[in-house]
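First comes the structure, then the notes that go with it.
Because the structure is predicted, anything quoted here is derived from the model rather than measured. Residue numbers begin at 1 in each chain, while the letters A, B, ... track the order of the sequences.
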There are 2 protein chains.
Amino acid sequence: MTTVLVCDDSPLVRETLRRAVATVPGVERVTTATSGEEVLRRWGAERSDLVLMDVRMPGLGGVEAVRRLLAGDPGARVIMLTMAEDLDGVALAVAAGARGYLHKDASRAELRATVSQALADPTWRLAPRRLRSADMGVAPTLTAREIQVLEGMSHGRSNAEIGRELFLSEDTVKTHARRLFKKLGASDRAHAVALGFRWGLVR
Amino acid sequence: MTTVLVCDDSPLVRETLRRAVATVPGVERVTTATSGEEVLRRWGAERSDLVLMDVRMPGLGGVEAVRRLLAGDPGARVIMLTMAEDLDGVALAVAAGARGYLHKDASRAELRATVSQALADPTWRLAPRRLRSADMGVAPTLTAREIQVLEGMSHGRSNAEIGRELFLSEDTVKTHARRLFKKLGASDRAHAVALGFRWGLVR
DNA sequence: ACGACCGTCACTCGAAAGGGTTACGGGATT
DNA sequence: AATCCCGTAACCCTTTCGAGTGACGGTCGT
């Protein structure tokens, strides 16, 4: 019985991953956990062949979870999930024994390929993958202009200021703003900036 | 005789690093190499206590150089140098046995601190350095209330909504908002949310 | 060639936001 | 005791935002 355990605190990401992993040939069961603590708690009773775990989680972080998991079971295979370019987190997790990592905005195909390979080869290590966001149905695609406007907002610029910076009229900036709000599902600029950070669109 | 080996193909970077490392207390000699091949070639004759090596180098890359170096001498201590956010390179190098990494745009102080620590403690591994925050100092301290308000903003709530949620008047929310803006140095709520994410105050 | 976006700009209008200021009771700190 | 910060609340006043709407030329894919 080949099982994969997906661990992420965000229900949205968790479900997306679960569904994607479930389509990998050979995977018979996908279980989920919402925290590192839960993974450790359940590991004794019910092990998985592969664990996909978020680097950043509240409470016990992904790195520490990997460390403890491998301390108890050196054979466990873990792939870390990372939102943006989380250098520290990934490096620490790999040092702790994670087999590799995946960006959360990887395509479904890439995700499946990596999971498939990790399951097929028990000695598999680190096939880094960086990819697009659109395929996961998670992160909205903003145009270059919209991202520029969003970045301006994240720096505390007013629409007029952003306009001067980008040589646009304030009205044009407002149009871009409205469009990116709609795409992100944001109710105002503060929300948009937050979502931008959460999707890794801005830093 | 404590010696450090700096390996980078760019003369400019190499010299800068050499001079910086030379000022670390306890370091008696700093040698340089321009390629992974050179490091391996000279390692038999003349070992160093610590190697600083660029991840990206022409010919034998930094990752492969680390792998081969450690294959011949498992006790060798290597810190990788990386230009930008080179997730793949760093992860691979760490997997290959590198003790840690440093951004090339790290401050002199950061570099020296890391080298110093690596030399002092032979078991040293991965003291991740987040340089974004390094030059900013320390995160401002927000009160619990202020963080609640900031979180409300990051969820796209208006002041009135946040007030209803926290059983406060809108005016009180505005007061908290104004105070947290001042603490963060934010010009508006969007900026405040961005700074909150950058400081790790909200997620 | 025909939508579907994208980038650009304009106008209106009501609803928020944000600055300044004041105030008062309570902790904590000095 | 004096002071500083916090939590609460209110008032005024100006600026900014955001929604709605319309428009026009360009590009891309079908």
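Judged by distance alone, with hydrogens and angles left aside, the side-chain atoms of A/Arg112 form a donor-acceptor pair with the main-chain N or O of A/Thr23 at under 3.5 Å. Formation of a donor-acceptor pair under 3.5 Å by the B/Arg77 side chain with backbone atoms of B/Ala118 is found in this model. With hydrogens and angles disregarded, a donor-acceptor distance shorter than 3.5 Å links the side chain of A/Ser158 to the backbone of A/Glu161.
For the pair A/Leu180 CG and C/dG7 P, the interatomic distance rounds to 11 Å; values are reported in whole Å. When the P atom of D/dG18 is taken as reference, atom CD1 of A/Ile162 falls 10 Å away, rounded to whole Å. Atom NZ in A/Lys182 sits roughly 12 Å away from atom C1' in D/dT21 (whole-Å rounding). Protein atom CG of A/Asp171 is 16 Å distant from nucleotide atom P of D/dA23, rounded to whole Å. Atom NE2 of B/His191 is separated from atom P of D/dC17 by 14 Å (rounded to the nearest Å). B/Lys174 has its NZ atom 16 Å from the P atom of C/dT21, to the nearest Å. For B/Leu142 and D/dC6, the CG to C1' distance is 13 Å, given to the nearest whole Å. For the pair A/Asn159 CG and D/dG18 P, the interatomic distance rounds to 7 Å; values are reported in whole Å.
The shortest side-chain heavy-atom distance between A/Leu150 and A/Glu146 does not fall under the 4.5 Å cut-off. A 4.5 Å side-chain heavy-atom check between A/Glu46 and A/Arg29 finds at least one atom pair inside the cut-off. The side-chain heavy atoms of B/Trp124 and B/Leu119, taken from C-beta on, include no pair separated by under 4.5 Å. A/Val4 is not listed as a side-chain neighbour of A/Val24, based on a closest heavy-atom distance of 4.5 Å or more.
Bending across the helix from C/dA1-D/dT30 to C/dC24-D/dG7, expressed as the angle between its end axes from five pairs apiece, amounts to 60° (10° rounding).
For B/Thr143, whose side chain is taken as the heavy atoms from C-beta onward, the closest listed nucleotide among D/dT8, D/dC17, D/dC6 is D/dC6. The side chain of A/Ser169 approaches C/dA10 more closely than any other nucleotide in the set C/dA16, D/dC17, C/dA10. The side chain of A/His176 lies closest to C/dG7, out of C/dC9, D/dA9, C/dG7. The B/Phe181 side chain lies nearest to C/dG18 when the options are C/dG18, C/dT8, D/dG7.
Comparing B/Asp188 and B/Ala144 against DNA chain D, the residue whose closest nucleotide sits nearer the 5' end is B/Ala144.
Side-chain N/O atoms of A/Arg145 include none lying less than 4.0 angstrom from OP1 or OP2 on C/dC6. Proximity of A/Arg189 to the phosphate of D/dG18: a side-chain N or O atom is located under 4.0 Å from OP1 or OP2.
Put simply, the residue from B/Glu170, B/Arg189, B/Lys174 that forms a side chain to side chain donor-acceptor pair (under 3.5 Å) with B/Asn159 is B/Arg189.
One cannot find a donor-acceptor pair under 3.5 Å joining the base of D/dT16 and the side-chain atoms of A/Arg157. Residue side chain B/Arg179 reaches the base of D/dT8 through a donor-acceptor N/O pair under 3.5 Å, judged by distance alone. Judged by distance alone, with hydrogens and angles left aside, A/Thr175 brings a side-chain donor or acceptor within reach of the base of C/dC9, the pair sitting under 3.5 Å. Below the 3.5 angstrom threshold, one finds a donor paired with an acceptor across the side chain of B/Arg178 and the base of C/dT21.
In this structure, B/Thr172 reaches the bases: a heavy-atom distance under 4.0 Å links it to at least one base atom across the strands shown.
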